[in-house]
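One structure is given below, encoded as structure tokens.
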Amino acid sequence: MVNKAVVKNVLSGDTVILRGKPRPNGPPAERLLALSNVQAPRLGNTTRSDEPFGYGAREFLRKLLVGKEVSFVADYTVPTTQREYGSIYLPNGDNVAELGVKAGWLKVREGQKTTREGQEEVLEKLEQLQAEAQDAKVGMWNDAEKGTREVSFTFDRDGHAFLNKYKGKPLDAVIEQVRDGATFRILLILPDETQQIITLHLSGIKAPSCKRDNAPEDDTSVSEPFGEECKFFVESRLLQRGVKVILEGLSQSGGQTFVGSIQHPAGNIAELLLSQGLAKCVDWSITLATCGPAPLRKAEKLAKEKKLRLWRDFVAKKVDTESTEFDATVVRIVTGDTMIVKTKSGVEKKLQLASVKQAPRGAGTTAPNSKSRDIKEVGYQFEAREFLRKKLIGKQAHVTIDYHKPAQDGFEAKECATVIVSNHNIAEQLIVRGLATAIRHRKDDDNRSHCYDQLLLAEKKAEEEKKGIHSPKEPPVVRIVDASENAAKSRQFLTFLKRTGKVNAVVDFVANGSRLFVWVPKENCRLTFVLSGVRAPRVGRTANDKSEPYGQEALDFVSQKCLQHDVEIEVENVDKIGSFVGSLFVNGENLAVSLLSRGLATIHEYSADESHYVNQLYAAEREAKSEKKGIWSDFKEEEEVVEQVNQEGPNREYIDVVVSDIISGSHFYVQKVTDEIAKLKTLMSELGQYQNGRPADPSFKPRVGENVSAKFTEDDCWYRGRVRRISHEGIEVLYIDFGNSETLPSSRVRSLPENFKQLKAQAHEAVLSFVKSPEVTEDYGFEAVECLKDLTADKQLVANVDAREGNVMCLTLFDFRKSASAEDSVNLDMVSEGQAYVTPKVRYARGNETILKALQEAQEEAIKRRRGMFEYGDITGNEDVTSTHY
């Protein structure tokens, strides 16, 4: 009787296991069948070696039959061994035994006799085929081949060394046994043609376990749900198939079980198992997978959505995206994994980075106490906070709330989130630098970051590169001295800080609008810093302690503007309790002036009169008074004062200047013609000799705001400059004696010795009074620059300083060779040529009505004659244009 079955696997060159049709209640029936009348050399095992050509015979039959449907006829069963013998036929009718004998991998059993009808003809044909194979010297009849292989059936090597040698390399292999859906016994065929049997677990997944095939009779263990189905699923696709194996790691137990991926032309078996709900992802090995975690998670998600097999009872969490996803501004870093953000509605939220554990605090860390207010931090927590501060403070971030931690063990409830800034996951960047680790969640715990796999990959990379907390080096130690601990200690720092000028600092804490605590990184010291020239309203320390009017507003303004921001401080003095007094600048803006201009502070006359910025301070307070802002909302000026202001005339302060650089048609730099110009020429000559006579200092690292020596690109000469910005493009330098700027490579920037800093900067920023030109990048901007260049190039001019706006002078320029009156100026020429328009609503317009009238008449004439920017008519009808001021 002819039967049909699928060949499950080949045990040797003459024996196979056949698999019947699937059954509804379990895996299909199996049947062992040996080929009649022939025999093949035996394969080896852990107790014996292969017979010659045993492996070759097995391989011939494996490649011929595994996974294919065949026809077979059972001839007889040996009573003593209960082994069944028969014939197997391919779909085209070929007899497998005959094919094996013909190929030289099978031989006819010696002394085989039969009384069965028709068997004599079969034996004669087999013997004839064997004789032909012997004559052709194929298979086992090839005298030139030994027919043996070098194979190890047990793994007794160093697992780590073996992994390091072959990690990540696709190795030829045959799946010899499927223990469960994710664990296999594999024959590796190594590049040196040796063979090794290993146990391999698929990386990134776990399949239900199965009862052992050779379990003893008293074994009561049972397969887990879907275990047998999963095993059959894999066996039918991979058992005894030729595949590529990529070794990726060792098992958690540290034994000889490897973790890796299996590559098959039909696809990734791990993904297929997950998509069918026959396996689950596991965190500990998912980062090892060559394909990466993403496709595995995606396949698992698909099975969850369809509630397949292992996920039949899965219930998805309901997510309210409106409340869990939002944009916010980071306002404060609390710890190495916690921050405070402010939403667009003004609500502040405290967030902990999801699935992130901050670096542990090192032994020996000390906090301020009654004996000393100095700080010592051991470990990477300080570096982690600094990284987050530099990356996040003041930046817009996209926040996704992943889960909520309830209050427990005395800790407050927490919202755990993923924070994205500029398309970068901050938690991932923190972990990849070794400044934090990923939390190991329970396998049934879905409260985790939605980018959890990326965090695991980042930690793996940090471990491989031995960064941060994974480094074998001693943890870093940060010591911060409290320079304001007492008056005597503060005076030790005063001389140096005062002499240095502007110093880079970070605001640690804001006590009120005019008192802050700052950290000076260069000196590793912490200062109590009081703004000179101003007094901010007092803020109550407790709920019952009432604040002065606008005290809280001033505190909020300063906190928002500079808390944990990089700032510059300029120390002027210390007070009797050790606080440092001076000016603080945020992005170049004087904080005291900003407070006064908003009516959030008042002038402190004694310190204001001593300040370098006295004029700016008083001007800012006058502006707040006139606009009735903040504290001055109910202020009423005395009539005499108003009258006195009204009687103020125009400013007349004439200076000789040369235009050294032009930014736009109305914005430029000038040098004052004084005896310092000659000193500048001498200084530049000496600076060039100094720098050309010595090599560059490789340890020099310029900082923003620092005065440096810079080699100008056009003439390769050295000039004094100030660093504006440092980026991947280079170092942007402003030449402080001329006003022009450019971006240079670090090789053209060197330190500036102290003796070259004595002469003050000769370039002064200026604008044309009462007029404005388009920016050089706007329409008519280039023409305006060329016009101003024609009127001022290589000429010594006379300038009247009409006003000063901070460090910018508002000038009326005169060419004394042709100017006949106060109205006949370069400003007028620019308007007449249609290269500038009049801005009459400037604060210094009072008393200059004649000049303004001449400018407006010149503008009307330029409009009439369609000159320059007026070629298409009057563009000044827009109120925003005519009210523009600097």
Side-chain angles (χ1 to χ4, degrees), residues 5-19 26-34 42-50 54-55 57-59 61-63 65-68 149 151-156 159 171-190 195-203 205-216 219 221 223-224 226-247 250-251 253 255-264 266 269-270 272-273 278-279:
V6 173
V7 178
K8 176 185 174 182
N9 64 320
V10 174
L11 299 182
S12 66
D14 58 7
T15 307
V16 300
I17 293 180
L18 302 174
R19 187 180 68 224
E30 296 179 356
R31 188 169 180 175
L32 187 146
L33 184 71
R42 299 296 93 187
L43 280 176
N45 53 33
T46 56
T47 59
R48 69 168 188 265
S49 301
D50 290 345
Y55 176 70
R58 199 289 297 263
E59 283 297 281
L61 205 60
R62 179 184 69 80
K63 294 175 181 178
L65 296 182
V66 167
K68 296 179 181 178
R149 57 174 174 160
V151 60
S152 178
F153 293 99
T154 58
F155 192 88
D156 50 9
L171 301 173
D172 291 323
V174 176
I175 308 295
E176 296 290 351
Q177 180 188 0
V178 177
R179 293 183 179 172
D180 62 48
T183 308
F184 314 104
R185 189 166 175 267
I186 291 179
L187 174 67
L188 290 181
I189 303 169
L190 302 176
Q195 298 180 9
Q196 174 68 59
I197 297 286
I198 65 166
T199 301
L200 182 83
H201 190 92
L202 287 179
S203 56
I205 71 167
K206 183 183 184 305
S209 64
C210 295
K211 186 175 181 179
R212 290 171 56 188
D213 293 334
N214 56 350
D219 186 4
S221 62
S223 299
E224 292 181 355
F226 302 103
E228 294 296 335
E229 182 180 353
C230 179
K231 181 179 178 181
F232 170 71
F233 184 89
V234 175
E235 282 182 340
S236 61
R237 288 162 173 80
L238 290 185
L239 184 60
Q240 283 206 329
R241 277 21 172 234
V243 295
K244 295 282 187 182
V245 167
I246 300 178
L247 301 182
L250 285 167
S251 64
S253 61
Q256 305 292 3
T257 300
F258 289 88
V259 177
S261 298
I262 293 177
Q263 293 182 335
H264 188 277
I269 189 65
L272 193 58
L273 286 170
L278 290 171

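All figures in this text were calculated on a predicted structure; none of them were measured in a lab.
- The minimum heavy-atom distance between Cys230 and Gly181, with the atom names listed, is SG-CA, 3.5 Å.
- A salt bridge between Asp14 and Arg42 is present, with a side-chain N of the basic residue lying under 4.0 Å from a carboxylate O of the acidic one.
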TODO: Before giving the answer on side chain to side chain contact (heavy atoms under 4.5 Å, CB included), spell out for Thr183 and Thr257 the whole-Å C-alpha distance, their side-chain angles and the decisive distance to 0.1 Å.
DONE: CA-CA 9 Å; Thr183 308; Thr257 300; 5.6 Å; no
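- Side-chain N or O atoms of Ser49 include none that pairs as donor or acceptor with a backbone N or O of Gly44 at under 3.5 Å.
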Open item on the list: For a side chain to side chain contact (heavy atoms under 4.5 Å, CB included) check, start with the C-alpha distance between Thr199 and Phe258, then their side-chain angles and the critical distance, and finish with the verdict.
Closed with: CA-CA 6 Å; Thr199 301; Phe258 289 88; over 6 Å; no
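- Contact annotation: the side chain of Ser236 approaches that of Arg19 to within less than 4.5 Å [non-hydrogen atoms, C-beta and beyond].
- Of all the heavy atoms in Ala182 and Ala207, the pair that sits closest is N-CB, 3.7 Å.
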Task: Intermediate values then yes/no, side chain to side chain contact (heavy atoms under 4.5 Å, CB included), Phe153 and Thr47 - done: CA-CA 9 Å; Phe153 293 99; Thr47 59; over 6 Å; no
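- Counting heavy atoms from C-beta on, the side chains of Leu187 and Val151 come closer than 4.5 Å.
- Val178 places none of its side-chain heavy atoms less than 4.5 Å from the side chain of Phe232.
- The two residues Val7 and Leu65 come nearest to each other via the heavy atoms CB-O, 3.4 Å.
- Atom NE2 of His201 and atom CG of Leu250 lie 13.0 Å apart (nearest 0.5 Å).
- Between the NZ atom in Lys211 and the CG atom in Asp180 there is a gap of 15.5 Å [rounded to 0.5 Å].
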TODO: I would like to know whether Ile186 and Val243 meet side chain to side chain contact (heavy atoms under 4.5 Å, CB included); could you show each step before the answer?
DONE: CA-CA 10 Å; Ile186 291 179; Val243 295; 5.9 Å; no
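- A donor-acceptor contact shorter than 3.5 Å links the side chain of Arg62 to the backbone of Gln240.
- In this structure, the side chain of Glu59 does not engage the main chain of Gly13 through any donor-acceptor pair within 3.5 Å.
- For Arg237 (side chain) and Glu235 (main-chain N/O), no donor-acceptor pair under 3.5 Å exists by modelled atom type.
- Listed here is the closest heavy atom pair of Leu43 and Ser12: CD1-CA, 4.4 Å.
- We find that Lys244 and Asp172 are joined by a salt bridge, their nearest charged nitrogen and carboxylate oxygen being less than 4.0 Å apart.
- For the pair Leu190/Leu171, a side-chain contact is recorded, criterion being any heavy-atom separation below 4.5 Å from C-beta on.
- Shown here for Ile205 and Ala279, the closest heavy-atom pair between the two residues is CD1-CB, 4.1 Å.
- Within the 4.5 Å cutoff, the side chain of Arg241 has no heavy atoms near those of the Ile175 side chain.
- Counting only heavy atoms from C-beta outward, the side chains of Leu61 and Thr15 never approach each other to under 4.5 Å.
- Note that the NZ atom of Lys8 and the CG atom of Leu239 stand 6.5 Å from one another [nearest 0.5 Å].
- Of the residues listed (Glu228, Glu229, Lys231), the one engaging Ser223 in a side-chain hydrogen bond (donor to acceptor under 3.5 Å, both in side chains) is Glu228, and it is the only one.
- Here the CD1 atom belonging to Ile17 is positioned 6.0 Å from the CD atom belonging to Glu30, to the nearest 0.5 angstrom.
- Between the OG atom in Ser152 and the CD1 atom in Ile198 there is a gap of 11.5 Å [rounded to 0.5 Å].
- Between the side chain of Arg179 and the backbone N or O of Ser209 there is no donor-acceptor pair closer than 3.5 Å.
- Rounding to the nearest 0.5 Å places CG of Leu18 at 9.5 Å from CG of Asn9.
- Closest of all the heavy-atom pairs between Pro208 and Leu278 is CD-O, 3.1 Å.
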